[in-house]
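Some notes on the structure that comes next.
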Protein chains: 2
Amino acid sequence: MAINKERGIKEMTITASPAWAAINAHRQTFADTHLKELFASDPKRVESLSLSFDGILYDFSKQRLTSETLGLLTALAKAAHVSDWTERMFAGEQINRSEGRSVLHVALRRSAGPFPNSRFDVMPDVVATRQRMARFAVRLRDGECLGHQGMPIRDVVNIGIGGSDLGPKMMGQALRSISHPALGVHYVSNLDGAQIAPLLQTLDPRTTLFIIVSKTFTTQETMFNANTARDWLRANLGDELISENHFAAVSSRPERAVDFGVCADLVFPIWDWVGGRYSLWSAVGLALMIAIGPHAFDEMLRGAERMDEHFRSTPFERNLPVVMALIGIWNANFLGAATNAVLPYNESLKYLPSFLQQLEMESNGKSVSVAGETLDFATSPIVWGELGNNGQHAFFQLLHQGGCLVPCDFIAAVRSDFPLPAHQEALLSNCFAQSAALAFGRNKDEVRASMEKELIGPTVIADLLPHRVFAGNQPSSTLLLTSLNPGALGSLIALYEHKAFVQGIIWGINSFDQWGVELGKAVASRILPALYDAQLAKTLDASTQGLLSFSREHLL
Amino acid sequence: MAINKERGIKEMTITASPAWAAINAHRQTFADTHLKELFASDPKRVESLSLSFDGILYDFSKQRLTSETLGLLTALAKAAHVSDWTERMFAGEQINRSEGRSVLHVALRRSAGPFPNSRFDVMPDVVATRQRMARFAVRLRDGECLGHQGMPIRDVVNIGIGGSDLGPKMMGQALRSISHPALGVHYVSNLDGAQIAPLLQTLDPRTTLFIIVSKTFTTQETMFNANTARDWLRANLGDELISENHFAAVSSRPERAVDFGVCADLVFPIWDWVGGRYSLWSAVGLALMIAIGPHAFDEMLRGAERMDEHFRSTPFERNLPVVMALIGIWNANFLGAATNAVLPYNESLKYLPSFLQQLEMESNGKSVSVAGETLDFATSPIVWGELGNNGQHAFFQLLHQGGCLVPCDFIAAVRSDFPLPAHQEALLSNCFAQSAALAFGRNKDEVRASMEKELIGPTVIADLLPHRVFAGNQPSSTLLLTSLNPGALGSLIALYEHKAFVQGIIWGINSFDQWGVELGKAVASRILPALYDAQLAKTLDASTQGLLSFSREHLL
């Protein structure tokens with residue numbers, strides 16, 4: 001048990017709480033009760049195990065739990081003081097303790113200040129930045145941002161990685177049906193030249209603007225790509241290049257961006273109280289705002305703000321982020337699920353699995369508590385997934401018959417963003433069918449009856465029967481949006497953000513640091529010089545030596 | 001124990017074998033021995049735990065095992081009669097028992113026949129099809145395939161899903177540096193109109209050819225997209241449309257393709273002895289061949305054939321697919337890993353994780369033996385992953401500090417396919433650094449020493465220390481190719497194919513059927529008509545009813 005000295009509160013590892021023990025006891029009585037039985041025994045099940053919010057239906061009736069489970073889980077959230085911690089976040093307390101920072105991404109979508117309070121009010125900066133972004137985005141969209149020799153900018157390349165890439169890229173894809181039709185917006189993240197080099201071949205240097213997004217303005221991948229972009233401009237535009245016409249930047253170190261050659265007017269700030277994976281709503285979303293326009297961007301912020309208010313003010317039983325977090329904890333800690341699949345049934349949501357992978361795994365993929373104690377229970381599952389319809393023809397085999405527990409999030413929009421006759425109806429029926437098939441399965445009697453109906457002989461039936469049985473009882477939730485509009489998408493992403501927050505609180509984790517990224521960087525800086533220096537390589541481990549030696553042989 | 005009546009061989013569940021018991025006993029003595037210790041105790045470790053094959057270095061020294069482990073594992077492969085089953089596959093026996101089919105994708109890359117034997121020789125068909133594909137691909141690449149009013153075809157759209165999409169798409173991306181510069185090759189799979197509709201907006205109907213790829217020519221997604229493509233051509237080209245100029249097809253039901261409107265000369269066959277996920281090498285690879293040309297396609301086949309020969313003829317200890325399979329079994333069944341991450345350090349390999357996800361999870365995501373008995377041990381892990389460098393800034397936090405075992409496959413090419421100054425060297429150093437950091441970690445003393453060196457005070461050190469420790473001991477293999485050339489990539493994919501095969505044999509699974517896909521289809525066909533019929537919906541489960549009712553409200 002650790003004492004939080006600052007607040008004098010005794011913090012208990014959550015697994016030692018009576019609430020945890022109560023859930024464990026419940027789980028044992030509950031055992032492997034099949035979803036089929038759960039549905040049969042409670043005709044009101046769907047009403048009590050689904051919620052709706054502002055055009056989003058959240059149906060978690062196909063999770064392996066009951067209202068009683070949910071009651072016990074909300075007691076766990078209370079035992080972990082989730083409301084108290086939520087208020088601390090909204091109050092601007094430095095809940096990111098290991099880095100001594102507030103956590104205020106919610107400020108980025110507030111419509112009015114002061115916030116978090118009048119002594120520490122971030123809203124003037126937030127609002128001023130929003131307005132600067134909007135002015136720039138409008139000018140660019142209207143063809144008033146000029147590149148080389150007065151030609152208007154037609155292509156925008158966002159150079160950033162991790163949180164400086166995934167958020168705007170994911171949302172830009174989700175909203176491509178309302179994107180500016182004549183502007184190209186591209187994303188470059190990978191250090192591999194095979195991403196930026198072929199892209200540059202398709203662009204006109206005279207009309208291309210790069211947005212360099214890096215909090216520190218030292219991120220290795222981003223600076224490599226930014227330098228390559230500048231070299232490309234120089235090589236193509238020569239002495240006539242006015243570098244300042246081709247760059248904007250988002251950074252908390254504006255002086256470094258200016259040194260690089262970005263016009264000071266086009267350096268947009270980001271603050272230490274925003275984590276990269278929570279920064280879509282900030283100037284990190286500039287490329288997105290350019291694509292969809294400030295009005296749609298604002299609608300997205302309003303959707304997120306509505307979710308913030310819902311999260312802050314709604315009783316746990318009816319609170320979407322809290323319920324979603326608790327279901328995740330039930331699956332991971334009580335049913336033993338190691339992973340969580342994210343399955344969007346919209347082509348436009350194709351980057352959502354990667355985005356949520358970062359959000360959840362970087363926030364909660366930790367095994368040390370805020371107080372520094374090693375945790376002996378599961379925290380973030382592995383979040384993975386693909387477009388659901390494509391997955392049906394690829395890995396769904398394992399979900400249906402692999403015999404391991406994989407909770408799934410099905411995500412779809414009722415109305416298509418690119419409607420074609422009949423496609424959408426068939427798509428939705430596939431989405432609903434998969435979650436039903438996963439939940440209810442098909443037992444031996446059903447298989448036998450259906451094979452007998454097809455007049456298949458008894459020997460063949462006996463041979464094939466076991467292969468055609470579906471155990472079912474694979475849990476899932478379905479999130480159904482009316483359409484892929486900016487407001488609903490803003491709510492959806494804020495929902496997952498707060499889900500991760502609630503889970504972090506219950507697990508006792510700091511969801512806002514990411515110390516796990518630093519060792520690899522340090523090791524890479526030792527390996528790089530050894531690539532061409534066999535003597536230096538000898539100070540490294542034997543495997544790295546072997547890899548370097550093979551590389552040296554084939555690079556040169 | 002099941003009796004295989006056909007062959008009179010007693011088949012034993014592998015977990016009951018002495019070989020399995022021996023590995024279990026070894027695992028207990030081995031326990032959690034840290035990779036750091038394993039490297040320290042054996043200076044020859046890398047030599048004994050890495051293999052090379054035809055320009056590919058396979059370093060598995062950072063797996064949590066020793067040569068002794070490997071010896072015990074190869075004994076397991078022997079106990080499971082892996083060589084015998086391999087020969088049965090190559091001999092064309094119907095080892096896909098539940099479907100009564102041979103498994104002969106290896107025929108697709110053979111340079112000469114007869115194969116599998118002179119009585120049952122598939123090579124004449126294979127070679128003839130290869131030649132027809134090549135003639136068509138050359139004509140198309142040379143601008144001799146004419147669309148509307150004699151205009152040459154400039155864009156090719158592959159319409160297929162699952163195995164009819166992932167293979168050629170993955171390989172097409174991997175080899176884009178050698179793709180035809182003036183031809184666009186596109187892939188459409190998703191039933192969601194939001195994939196094909198925006199693509200069609202960018203294409204000229206007069207110069208676009210669609211390749212419809214479906215074994216049965218009834219796959220729902222593929223037929224929807226094919227119909228939409230034909231409607232689009234009709235709408236744009238009107239009465240002058242000659243439908244046959246704009247379609248080719250790959251199917252085992254050529255008459256259906258001709259009925260659809262494909263010219264019989266442009267219907268390419270596929271056979272029941274090729275599974276979709278193993279079909280890249282067949283006419284399913286037509287779009288790929290068009291992109292890279294028949295010569296490069298052939299080099300890819302030759303690379304795969306070399307791996308086939310290696311697999312067939314090399315002792316288990318030095319046999320790449322066998323060793324890779326055994327490592328997977330060690331991780332899944334003895335160390336308890338639920339997943340396997342695939343981390344390519346090449347932008348051009350961005351679809352590889354999805355491809356391998358299908359290959360492994362659809363092949364071995366099963367919990368029933370060939371003989372129909374329920375298996376009580378883990379089979380295919382969940383295969384997931386992203387471009388490695390991007391992952392470093394997203395989910396690697398969990399790999400480094402999440403506390404759960406996630407074996408990783410790092411995959412890179414030494415030479416870049418799009419070289420830019422310095423990028424490649426930095427990229428490789430990141431790849432090698434991550435696997436080293438995962439393996440060796442950083443303990444408390446090392447963190448403390450490094451913080452003291454930075455003159456950080458003792459209180460801060462005490463607070464931060466636990467957050468900056470890396471437990472290490474996270475296992476990985478590295479596959480290093482000299483470059484992304486067709487031959488090496490052919491070898492690489494054949495390697496993973498045979499890996500899945502060997503694992504299936506050891507687990508006692510039929511890796512070549514996929515009964516798990518059928519229930520969802522059946523349920524979808526019941527749900528679709530209920531979308532607009534509230535009465536009909538009442539026959540469905542309560543959750544589906546709720547989802548349909550929400551959809552009905554917002555669709556109309």
Side-chain angles (χ1 to χ4, degrees), chain A residues 46 57 61 98 161-162 190-195 197 338 347-348 357-358 361-362 365-368 372 384 389 393-395 397-398 400-403 414 418 420 423 427 429-430 432-434 436-437 466-468 470 482 514-516 519-520 523-524 527-528 542-544 546-547 550-551 554, chain B residues 46 57 61 98 161-162 190-195 197 338 347-348 357-358 361-362 365 367-368 372 384 389 393-395 397-398 400-403 414 418 420 423 427 429-430 432-434 436-437 442 466-468 470 482 514-516 519-520 523-524 527-528 542-544 546-547 550-551 554:
Chain A
V46 176
L57 174 64
S61 64
S98 75
I161 193 165
N190 201 335
L191 186 49
D192 187 356
Q195 188 179 23
E347 184 72 21
S348 303
Q357 193 171 56
Q358 173 181 33
M361 293 171 72
E362 194 163 67
K366 293 161 194 172
S367 49
V368 165
W384 63 286
N389 182 233
H393 293 261
F395 58 83
Q397 165 68 42
L398 182 144
H400 284 292
Q401 297 188 317
V414 175
F418 290 92
L420 284 176
H423 282 251
L427 180 71
S429 69
N430 270 279
F432 305 159
Q434 289 297 328
H467 301 283
R468 301 185 68 178
F470 289 71
T482 54
Q514 54 282 318
W515 295 101
L519 179 58
V523 176
I527 289 180
L528 183 55
S543 171
T544 303
L547 295 167
F550 184 88
S551 302
H554 296 284
Chain B
V46 176
L57 174 64
S61 64
S98 75
I161 193 165
N190 202 335
L191 187 49
D192 187 358
Q195 188 179 22
E347 184 72 21
S348 303
Q357 194 171 57
Q358 172 181 33
M361 294 171 72
E362 195 164 66
S367 49
V368 165
W384 63 287
N389 182 234
H393 293 260
F395 58 82
Q397 164 68 42
L398 181 144
H400 285 291
Q401 297 187 317
V414 174
F418 290 93
L420 284 177
H423 282 251
L427 180 71
S429 69
N430 271 277
F432 305 159
Q434 289 296 329
R442 184 168 72 177
H467 301 282
R468 301 184 69 177
F470 289 70
T482 53
Q514 54 282 317
W515 295 100
L519 179 58
V523 176
I527 289 180
L528 182 55
S543 171
T544 303
L547 295 167
F550 184 88
S551 302
H554 295 284

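We name chains A, B, ... by the order of the sequence lines, and we start the count at 1 in each one.
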Flag side-chain contact, heavy atom, 4.5 Å: [X] against [Y]:
X	Y	value
A:Trp515	B:His467	yes
B:Phe418	A:Gln195	no
A:Leu191	B:Asn430	yes
B:Met361	A:Gln397	no

Interface residue of largest heavy-atom contact number with chain A, from B:Ala524, B:Ser61, B:Ser348, B:Ala436, under 4.5 Å: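 Maximum pair count with chain A is reached by B:Ala524.
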Residue selection (most heavy-atom pairs with chain A, distance under 4.5 Å) from B:Val523, B:Leu519, B:Leu427, B:Leu528: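 Answer, by heavy-atom pair count under 4.5 Å with chain A: B:Leu519.
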If I measure from the heavy atoms of chain A, does [X] come under 4.5 Å with its side chain, its backbone, both, or neither?
X	value
B:Val46	side chain
B:Ala542	both
B:Ser543	both
B:Phe470	side chain

Most chain B-contacting option - heavy-atom pairs closer than 4.5 Å, from [options]:
options	answer
A:Val368, A:Asn190, A:Leu420	A:Asn190
A:Gly162, A:Pro466, A:Ala338	A:Pro466
A:Gly403, A:Gly365, A:Gly402, A:Ala197	A:Gly365

About how many Å separate [atom2] of [Y] and [atom1] of [X], when rounded to the nearest 0.5 Å?
X	Y	atom1	atom2	value
A:Phe432	B:Ile527	CZ	CD1	8.0 Å
B:Gln514	A:Leu398	CD	CG	13.5 Å
B:His400	A:Lys366	NE2	NZ	13.5 Å

Residue pair B:Leu547, A:Leu57: steps toward the side chain to side chain contact (heavy atoms under 4.5 Å, CB included) verdict: CA-CA 8 Å; B:Leu547 295 167; A:Leu57 174 64; 4.0 Å; yes
Contact summary for A:Ala433 and B:Gly520, nearest pair of heavy atoms: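 Reported closest heavy-atom pair: CB-O, 3.6 Å.
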Check: B:His393 main-chain N/O paired with A:Gln358 side-chain donor or acceptor under 3.5 Å: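 Present.
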B:His423: partners by ring pair (Phe, Tyr, Trp, His ring centres under 6.0 Å), with sequence neighbours left out: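 In terms of ring pair (Phe, Tyr, Trp, His ring centres under 6.0 Å), with neighbours along the sequence ignored, B:His423 is linked to A:Phe224.
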